[in-house]
There are 2 protein chains.
Amino acid sequence: MTPRDVPRPTDAELAILRVIWRLGSATVREIHDALLQDQPKTGYTTVLKILQIMTDKGIVVRDESQRAHVYAAKESEQSTRGRLVRHLVDRAFDGSATALVMQALSTKKASPNELATIRAMLEKIEGERR
Amino acid sequence: MTPRDVPRPTDAELAILRVIWRLGSATVREIHDALLQDQPKTGYTTVLKILQIMTDKGIVVRDESQRAHVYAAKESEQSTRGRLVRHLVDRAFDGSATALVMQALSTKKASPNELATIRAMLEKIEGERR
DNA sequence: TAGAATCAACGAAGAGTTTCGTAGTTGACG
DNA sequence: CGTCAACTACGAAACTCTTCGTTGATTCTA
């Protein structure tokens with residue numbers, strides 16, 4: 001029940017997770033095909049193996065009712081992203097999420113639209129504060 | 001000259017790097033002592049070994065003029081943080097730094113002071129845009 | 001129904017990470 | 001000058017990650 005015991009996904013696992021999140025759930029074949037659209041050519045059995053490992057780790061759940069097993073993510077994309085951010089903040093930003101935000105803002109240029117989104121988020125937070 | 005060939009630091013390497021950044025430069029003994037202040041008890045030779053590996057990787061440079069070698073970071077904290085953020089953005093946020101900013105803002109509560117800092121950064125970016 | 005295609009499972013190899021014990025060297029000091 | 005402390009170097013062990021070949025079972029199809 002606690003998402004704490006789900007380990008952070010590795011890079012290869014995260015690439016697979018992103019496909020699953022996008023599709024909702026998927027078979028090995030579907031994931032493999034989706035990954036082929038991107039740069040790296042990953043073998044079918046490699047994807048299968050990683051999914052089996054992820055099942056052992058509890059990162060995904062497997063529906064075996066069909067011959068082609070269907071995999072789904074156990075944790076939401078939002079929640080996983082949160083854990084990854086928290087880990088980076090702790091490892092490299094002395095626990096300061098603000099420092100990471102500053103870094104991210106200065107690194108990449110955001111569109112006016114995105115800036116407005118961030119601004120709205122700031123106001124929402126400030127609104128909750130008072 | 002290009003910072004591109006410097007690999008991203010691993011977790012253990014990053015812990016050491018943070019000490020070096022804080023002190024400017026340091027010997028193995030100084031780093032080891034500093035790390036003992038934190039939770040994990042790491043052996044002296046472990047720290048030494050990782051520093052040797054980091055030297056091979058080009059993450060740090062070593063001054064061997066003294067018996068106790070003095071290590072310094074090759075890349076600034078700012079620059080390394082930038083690379084770590086970029087990596088996470090690419091891996092987990094579809095390349096959208098804004099999405100990561102939103103995630104970081106919603107995850108952690110920032111103080112009014114920090115919010116003001118972020119707001120100032122936003123205005124600076126918007127100022128540059130026009 | 002026989003052969004082809006598809007699938008999961010398994011094992012193993014190779015690379016990278018982290019840990020630390022041991023050995024050998026250098027310098028300080030009584 | 002001999003001993004002790006501090007230091008670097010080396011290598012190995014344990015572990016994880018990633019990759020893929022092989023095997024055997026199931027399903028499709030000509």
* Structure fact -> A correct 5'-to-3' footprint of nucleotides 24-30 of chain C, with B, S and - meaning base, sugar-phosphate only and no protein heavy atom under 4.0 Å, is --BS---
[X] has an atom [atom1]; how far is it from atom [atom2] of [N], in whole Å?
X: A:H69; N: C:dT6; atom1: NE2; atom2: P; value: 17 Å
X: B:L51; N: C:dC20; atom1: CG; atom2: C1'; value: 15 Å
X: A:Q52; N: C:dC10; atom1: CD; atom2: P; value: 7 Å
X: A:E64; N: C:dC7; atom1: CD; atom2: P; value: 15 Å
X: B:D56; N: D:dG11; atom1: CG; atom2: P; value: 13 Å
X: A:L48; N: C:dA8; atom1: CG; atom2: C1'; value: 6 Å
X: B:Q66; N: D:dT8; atom1: CD; atom2: C1'; value: 15 Å

Distances under 3.5 Å between protein N/O atoms and the N/O atoms of nucleotides 17-20 of chain D, please, pair by pair.
from, atom 1, to, atom 2, distance (Å)
D:dC17, OP2, A:K57, NZ, 3.3
D:dT18, OP1, A:A12, N, 3.4
D:dT18, OP2, A:T10, OG1, 2.5
D:dC20, OP2, A:G43, N, 3.0
D:dC20, OP2, A:T46, OG1, 3.1

* Can you find a pair of side-chain heavy atoms, one from A:R119 and one from B:E123, that are under 4.5 Å apart? ->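 Result yes, sub-4.5 Å side-chain heavy-atom pair found.
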* Asked: Under 4.0 Å between a Lys/Arg side-chain N and an Asp/Glu carboxylate O for B:R81 and B:E77?
  ->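 Salt bridge: yes.
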* To do: Check whether more than 12 heavy atoms from other residues, nucleotides or ligands sit under 6.0 Å from atom CD of B:Q66, and answer yes or no.
  =>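 Counting neighbours around CD of B:Q66, 12 or fewer heavy atoms of other residues, nucleotides or ligands fall under 6.0 Å, so no.
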* To do: Verify the neighbour count for atom CG of B:N113: are there more than 12 heavy atoms of other residues, nucleotides or ligands below 6.0 Å?
  =>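 No, because the 6.0 Å sphere around CG of B:N113 holds 12 heavy atoms or fewer from other groups.
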* Smallest separation among heavy atoms of A:V19 and A:A34, with atom names ->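 That closest heavy-atom pairing would be CG1-CB, 3.7 Å.
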* Applying the side-chain contact (heavy atoms from CB on, under 4.5 Å) test to A:I16, which of A:V28, A:I59, A:I50, A:V60 qualifies? ->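 Only match with A:I16 under side-chain contact (heavy atoms from CB on, under 4.5 Å): A:I50.
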* **Partner residues of B:R8 under the side chain to side chain donor-acceptor pair (under 3.5 Å) criterion, sequence neighbours left out** =>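 Here the qualifying residues are B:H87.
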* Asked: Of all residues at least two apart in sequence or in a different chain, which pass the side chain to side chain donor-acceptor pair (under 3.5 Å) check with B:T107?
  ->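 Residues passing side chain to side chain donor-acceptor pair (under 3.5 Å) with B:T107: B:Q103.
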* Asked: Got a sec, which pairs hit ring pair (Phe, Tyr, Trp, His ring centres under 6.0 Å) with one end in residues 48-86 of chain A, sequence neighbours left out?
  ->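 Residue pairs passing ring pair (Phe, Tyr, Trp, His ring centres under 6.0 Å), neighbours aside: none found.
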* Among side-chain atoms of B:D63 and B:S65, is any donor-acceptor pair under 3.5 angstrom? ->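 Yes, side-chain donor-acceptor contact under 3.5 Å.
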* Under 4.0 Å: is that the gap between some side-chain N or O of B:R62 and OP1 or OP2 of D:dC7? ->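 Indeed not, no polar side-chain atom of B:R62 lies that close.
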* To do: Identify, residue by residue, the members of residues 26-35 of chain A with a heavy atom below 4.0 Å from DNA chain C, and return them in order of residue number, or none.
  =>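 Only A:V28, A:R29 qualify.
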* So, does A:T45 use its side chain to make a donor-acceptor pair with the main chain of A:L48 at under 3.5 Å? ->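 The answer is no, because no donor-acceptor pair under 3.5 Å joins these two groups.
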